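Counting from 1, the numbers follow the sequence of the chain as shown. Just so we're clear, the structure is a prediction, and the values are computed from it rather than from any experiment.
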Amino acid sequence: NTTSGPIVIEGIAGAATRPVITFNNTGQSFTLSSTAFITLQGFDFYNSTANGDVACNNTGTNVVIRSMRIGNSANTYTNSAVATSANNTTIENCHLQYAATGIIVSGGGGARIRANLIQNCTTGISITTTSGRPSTNVSDNIIRSNSGAGISLATTANATVNEGPIKIERNTIHANG
């Protein structure tokens with residue numbers, strides 16, 4: 001909560017070798033569920049089964065996912081590297097690869113997706129809006145070498161004019177399907 005201050009889960013800052021968290025399941029590797037004001041940063045996530053579902057799944061609010069490296073050619077994710085359905089999520093300075101989708105924003109509003117490298121996925125970023133959600137901003141990302149769309153946008157049947165805008169600006173989108 002904001003009274004006690006945010007919680008930061010961080011790899012050792014400035015370490016010569018980043019901490020690696022390896023999972024060996026086919027489900028979600030790391031879940032931030034019903035949480036608020038948490039920052040997760042400075043880790044590498046790999047799934048040794050080569051078919052994990054989601055590396056980092058967020059359903060909390062005001063969550064920051066920063067400076068993460070997720071996926072490599074031997075350890076893929078069948079769904080997404082990062083998925084969020086919560087409000088006010090920031091995903092920044094991450095290197096996301098070898099997942100069906102690099103980042104999925106589904107229904108959560110106020111997402112800020114900035115300064116990430118997303119490559120070697122099927123889809124780079126997928127955003128699905130629902131009714132009454134605040135704006136989403138996608139900026140300063142490099143989205144390259146994905147076999148499908150660099151950015152995919154969709155709305156649900158109940159989306160209304162109350163939607164905040166989706167701002168897509170200053171991204172480099174190159175060599176996608």
Margin query: Return the CD1 to CD1 distance between I7 and I38, rounded to the nearest 0.5 Å.
Written below: 4.5 Å
Next item on the list: Kindly give the heavy-atom pair with the smallest separation between G124 and I143, and that separation in Å.
Entry: CA-CG2, 4.0 Å
Next item on the list: Starting at CD1 of I65, measure out to OG1 of T84 and round the result to the nearest 0.5 Å.
Entry: 6.5 Å
Next item on the list: Starting at CD of Q97, measure out to CZ of R144 and round the result to the nearest 0.5 Å.
Entry: 9.0 Å
Item checked: V20 side chain reached by Y46 side chain, heavy atoms, under 4.5 Å -> yes
Notebook entry, point to check: What about I173 and V105, same hydrophobic cluster or not, with Ile/Leu/Val/Met/Phe/Trp/Tyr joined at side-chain heavy-atom distances under 4.5 Å?
Noted result: yes
Item checked: Step-by-step side chain to side chain contact (heavy atoms under 4.5 Å, CB included) determination, I168 to L153 -> CA-CA 11 Å; I168 300 174; L153 303 175; 3.9 Å; yes
Margin query: Just to verify, which of I151, T123, I125, T101 counts as forming a side chain to side chain contact (heavy atoms under 4.5 Å, CB included) with I118?
Written below: I125
Notebook entry, point to check: How close do A99 and S80 get, heavy atom to heavy atom, and via which atoms?
Noted result: CB-C, 3.9 Å
Notebook entry, point to check: Which ILVMFWY residues can you reach from I12 by hopping between side chains whose heavy atoms are under 4.5 Å apart?
Noted result: none
Next item on the list: Determine yes or no for a side-chain-to-main-chain donor-acceptor pair under 3.5 angstrom, with N116 supplying the side chain and I91 the backbone.
Entry: yes
Check: What distance separates T136 OG1 from I113 CD1, expressed to the nearest 0.5 Å?
Finding: 7.0 Å
Check: What residues form a salt bridge (Lys or Arg N to Asp or Glu O under 4.0 Å) with R69, not counting sequence neighbours?
Finding: D44
Item checked: Heavy-atom pair with the smallest gap, counting every atom of G42 and P19 -> O-CD, 3.6 Å
Notebook entry, point to check: Step by step, would you call I166 with I127 a side chain to side chain contact (heavy atoms under 4.5 Å, CB included)?
Noted result: CA-CA 9 Å; I166 297 174; I127 300 171; 4.0 Å; yes
Next item on the list: Check the pair L96 / V82 against side chain to side chain contact (heavy atoms under 4.5 Å, CB included), numbers first and verdict last.
Entry: CA-CA 8 Å; L96 310 173; V82 177; 4.1 Å; yes
Next item on the list: State yes or no: do I9 and V64 share one hydrophobic cluster built from I, L, V, M, F, W and Y residues joined by side-chain heavy-atom distances below 4.5 Å, directly or via other members?
Entry: no
Notebook entry, point to check: Just how far is it from atom SG of C94 to atom CZ of F45, taken to the nearest 0.5 Å?
Noted result: 10.0 Å
Checklist line | Any donor-acceptor N/O pair, N120 side chain to Y98 backbone, under 3.5 Å | finding: no
Next item on the list: Would you mind reporting whether N141 and L117 have side-chain heavy atoms less than 4.5 Å apart?
Entry: no
Next item on the list: With sequence neighbours left out, write down each residue that passes side chain to side chain contact (heavy atoms under 4.5 Å, CB included) with S139, or none if nothing qualifies.
Entry: R114, N137, E169, R170
Margin query: Can you tell me how far apart CD1 (I104) and OG (S152) are? Round to the nearest 0.5 Å.
Written below: 10.0 Å
Item checked: Side-chain heavy-atom pair N88, T61 within 4.5 angstrom cut-off -> no
Check: Between the main-chain N or O of R66 and the side-chain N or O of E92, is there a donor-acceptor pair closer than 3.5 Å?
Finding: no
